[in-house]
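Written below as structure tokens is the structure these notes are about.
Because only heavy atoms are used, hydrogens play no part in the values below, and waters and symmetry mates are left out as well, while side chains stay in. Everything quoted here is computed from the prediction, not taken from an experiment.
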Amino acid sequence: MENNEVLLRRERNVAHITLNRPRALNALTYEMCAAILGALRGWASDPAIRLCVIDAVPGRAFCAGGDIRAIADKSRRRDGSAEVFFTTEYSLNAAIRHFPKPYIAVIDGIAMGGGVGVSVHGSHRVVSENVVFAMPETAIGLFPDVGTSYVLPRLPGQIGMYLALTGGRINAADMLYAGLATHFVPAARIGGIAPRLMQGEDPETVLAGLAADPGPSFLAAHRAAIDRAFSAPSVEAILAALEAEGGWGRETAAVLGSRSPLSLKLTFQQMRLGKTLDFDDCLRAEYRLMTQLLESHDFHEGVRAAVIDKDQRPRWLPESLAAASDAEVSGYFELRNVTDLSL
């Protein structure tokens with residue numbers, strides 16, 4: 001089966017997904033998510049399928065996330081189509097997490113937002129020197145979703161909180177260090193993965209044979225400082241701790257200062273909540289939060305500044321962390337008038 005946006009096929013006993021929107025950095029649409037979800041559900045129970053591989057057509061990106069401009073347009077219509085997108089996308093994330101066979105993501109390029117959701121939950125996450133990983137949602141008035149409220153809090157130390165709040169971009173060495181990736185395979189060797197799998201070789205044998213050393217990790221070098229600052233009990237306290245670090249800490253504090261104050265506080269709370277929940281309940285909590293934020297000022301302002309006008313000068317409301325009250329933040333986590341996600 002194939003269409004213009006995603007290629008779905010069987011190659012011997014291997015199911016193969018290829019994202020095919022290179023000019024849009026393979027950003028996910030509802031149609032792509034629905035097609036992949038339907039295929040995965042069929043392959044999960046098909047005894048002829050031994051494993052699944054997901055990759056992307058050659059280009060800059062594996063998948064840069066959901067098509068955020070389209071999502072903003074859907075939310076303005078208030079016809080439920082934005083909610084349908086997230087219901088489908090989160091159901092796809094769950095299907096990957098629970099896929100009963102090896103699921104091998106080959107990430108040779110940008111992986112952000114929804115691109116993380118279709119890769120990081122699989123059993124094998126292969127990255128090349130071209131990978132750029134980020135969950136940059138606090139820069140557009142949202143929060144890290146697609147199941148990352150389960151994944152990020154379980155990374156070593158405070159790496160997850162750092163990545164969630166800052167939207168920091170990391171490379172292959174960082175992903176391996178944090179446990180987000182399982183193997184580093186140089187881009188020149190990536191093309192050797194699928195043919196060997198189709199010949200019946202074991203994924204671990206194939207990947208171990210192609211793997212290499214990705215080099216030094218920024219996260220490893222800054223781990224002690226990250227843990228000191230991002231273990232603080234509030235976003236305000238994290239900022240103070242970063243300022244006290246000097247150098248890198250002050251640069252990181254400046255990054256946080258450009259993010260949506262409300263998003264920072266919601267993300268902090270969501271990361272703490274996610275550490276206490278199982279995977280499916282994390283998705284349900286994300287859905288409750290997302291459906292409230294889709295019509296928020298900061299989401300539409302963030303999309304305007306980043307995608308539409310591209311002036312990179314969002315005007316957040318509230319304008320400061322102090323103005324984002326605890327009562328307002330807590331209100332987003334109450335269950336009143338919020339539809340639950342059915343997985």
Next item on the list: Can you sort out the partners of Glu129 under salt bridge (charged side-chain N to carboxylate O under 4.0 Å, His left out), two or more places apart, ordered by chain and number?
Entry: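 Checked Glu129 against salt bridge (charged side-chain N to carboxylate O under 4.0 Å, His left out); zero matches.
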
Check: Under the salt bridge (charged side-chain N to carboxylate O under 4.0 Å, His left out) test, which residues partner Arg189, sequence neighbours left out?
Finding: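 Not a single residue meets the salt bridge (charged side-chain N to carboxylate O under 4.0 Å, His left out) criterion with Arg189.
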
Next item on the list: Mind running side chain to side chain contact (heavy atoms under 4.5 Å, CB included) on Tyr90 and Val146 for me, showing each step along the way?
Entry: CA-CA 6 Å; Tyr90 292 0; Val146 295; 4.2 Å; yes

If only atom types and distance count, is the side chain of [X] paired as donor or acceptor with the main-chain N or O of [Y] below 3.5 Å?
X: Lys310; Y: Ala305; result: no
X: Thr148; Y: Val151; result: no
X: Asn26; Y: Arg21; result: yes
X: Arg169; Y: Met135; result: no
X: Ser330; Y: Ala327; result: no
X: Ser263; Y: Gly141; result: yes
X: Asp298; Y: Leu317; result: yes

Check: Judged by modelled atom types alone, do Thr18 and Asn20 share a side-chain donor-acceptor pair under 3.5 Å?
Finding: no

Next item on the list: Return yes if a side-chain donor-acceptor contact under 3.5 Å exists between Thr29 and Asp67, otherwise no.
Entry: no

From [X] atom [atom1] to [Y] atom [atom2], the distance as rounded to the nearest 0.5 Å:
X: Glu31; Y: Asn4; atom1: CD; atom2: CG; answer: 11.5 Å
X: Arg76; Y: Ser81; atom1: CZ; atom2: OG; answer: 12.0 Å
X: Ile170; Y: Leu176; atom1: CD1; atom2: CG; answer: 10.0 Å
X: Leu40; Y: Ser45; atom1: CG; atom2: OG; answer: 11.0 Å
X: Leu92; Y: Phe86; atom1: CG; atom2: CZ; answer: 13.0 Å

Notebook entry, point to check: Pairs in or reaching into residues 12-57: which pass ring pair (Phe, Tyr, Trp, His ring centres under 6.0 Å), with residues at least two apart or in two chains?
Noted result: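 Residue pairs passing ring pair (Phe, Tyr, Trp, His ring centres under 6.0 Å), neighbours aside: none found.
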
Checklist line | Pairs touching residues 94-146 that satisfy ring pair (Phe, Tyr, Trp, His ring centres under 6.0 Å), sequence neighbours left out | finding: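 Those involving residues 94-146 are His121-Phe279.
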
Notebook entry, point to check: Hey, is CZ on Arg284 packed in by over 12 heavy atoms from elsewhere, all under 6.0 Å?
Noted result: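 Yes.
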
Margin query: Within the supplied structure, the quantity of interest is the number of heavy atoms (other residues, nucleotides, ligands) at a distance under 6.0 Å from Arg78 CZ; does it exceed 12?
Written below: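 No - once you tally the heavy atoms of other residues, nucleotides and ligands closer than 6.0 Å, there are 12 at most.
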
Compare all side-chain heavy atoms of [X] with those of [Y] and state whether any distance is below 4.5 angstrom.
X: Phe333; Y: Leu289; result: yes
X: Leu165; Y: Ile238; result: yes
X: Ser75; Y: His300; result: yes
X: Thr166; Y: Leu256; result: yes
X: Pro214; Y: Asn171; result: no
X: Ile159; Y: Asp174; result: no
X: Thr138; Y: Ser260; result: no
X: Glu11; Y: Arg9; result: yes

Which donor-acceptor pairs under 3.5 Å do the side chains of residues 268-275 make with protein atoms, sequence neighbours left out?
residue, atom, partner, partner atom, Å
Gln270, NE2, Ser149, OG, 3.4

Margin query: I'd like to check the side chain to side chain contact (heavy atoms under 4.5 Å, CB included) partners of Arg23; sequence neighbours left out, ordered by chain and number.
Written below: none

Next item on the list: Return the set of residues passing side chain to side chain contact (heavy atoms under 4.5 Å, CB included) with Gln158 (not counting sequence neighbours), or none when no residue passes.
Entry: Met161, Ile226, Asp227, Phe230, Ser231

Between [X] and [Y], is there a side-chain N and carboxylate O pair less than 4.0 Å apart?
X: Asp311; Y: Arg313; value: no
X: Glu286; Y: Arg288; value: no
X: Glu245; Y: Arg250; value: no

Check: Which of these passes side chain to side chain contact (heavy atoms under 4.5 Å, CB included) with Met175: Thr182, Leu180, Leu219?
Finding: Leu180

Next item on the list: Applying side chain to side chain contact (heavy atoms under 4.5 Å, CB included), run through Asp281 and Asp278 and close with a yes or a no.
Entry: CA-CA 5 Å; Asp281 281 341; Asp278 66 20; 3.2 Å; yes

Item checked: Qualifying salt bridge (charged side-chain N to carboxylate O under 4.0 Å, His left out) pairs with a residue from residues 84-95, counting only residues at least two apart or across chains ->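 Qualifying pairs: none.
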
Next item on the list: Could you note down all residue pairs passing salt bridge (charged side-chain N to carboxylate O under 4.0 Å, His left out) where residues 258-271 supplies at least one of them, sequence neighbours left out?
Entry: Glu236-Lys265

Would a hydrophobic clustering, with Ile, Leu, Val, Met, Phe, Trp and Tyr connected at side-chain separations under 4.5 Å, put [X] with [Y]?
X: Leu266; Y: Leu142; result: yes
X: Val255; Y: Ile140; result: no
X: Leu294; Y: Leu262; result: yes
X: Leu25; Y: Val307; result: no
X: Met112; Y: Ile54; result: no

Margin query: List the residues meeting ring pair (Phe, Tyr, Trp, His ring centres under 6.0 Å) with His222, not counting sequence neighbours, and say none if there are none.
Written below: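 In terms of ring pair (Phe, Tyr, Trp, His ring centres under 6.0 Å), with neighbours along the sequence ignored, His222 is linked to Phe218, Trp248.
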
Check: Taking ILVMFWY side chains as joined if any heavy atoms are under 4.5 angstrom apart, and letting links pass through other members, which residues group with Ile104?
Finding: Val14, Leu51, Val53, Val106, Val126, Val185, Ile190, Ile193, Leu197, Met198, Val206, Leu207, Leu210

Next item on the list: Could you work out the complete set of other residues in the hydrophobic cluster of Trp316, with links drawn between I, L, V, M, F, W and Y side chains under 4.5 Å apart?
Entry: none

Margin query: One pair to check against side chain to side chain contact (heavy atoms under 4.5 Å, CB included): Leu19 and Val57. What are the steps and the verdict?
Written below: CA-CA 6 Å; Leu19 306 177; Val57 294; over 6 Å; no

Check: Which atoms form the tightest heavy-atom contact between Cys63 and Ala27, and what is the distance?
Finding: SG-CA, 4.5 Å

Next item on the list: Quick one: closest heavy-atom pair of Phe85 and Gly66, and the distance?
Entry: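 Smallest heavy-atom distance, with atoms named: CZ-CA, 4.4 Å.
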
Checklist line | Residue pair Asp46, Arg10: steps toward the salt bridge (Lys or Arg N to Asp or Glu O under 4.0 Å) verdict | finding: CA-CA 11 Å; Asp46 187 342; Arg10 298 168 179 241; 2.4 Å; yes

Check: Is there a side chain to side chain contact (heavy atoms under 4.5 Å, CB included) between Gln292 and Ser296 once you walk through the steps?
Finding: CA-CA 7 Å; Gln292 297 174 83; Ser296 70; over 6 Å; no

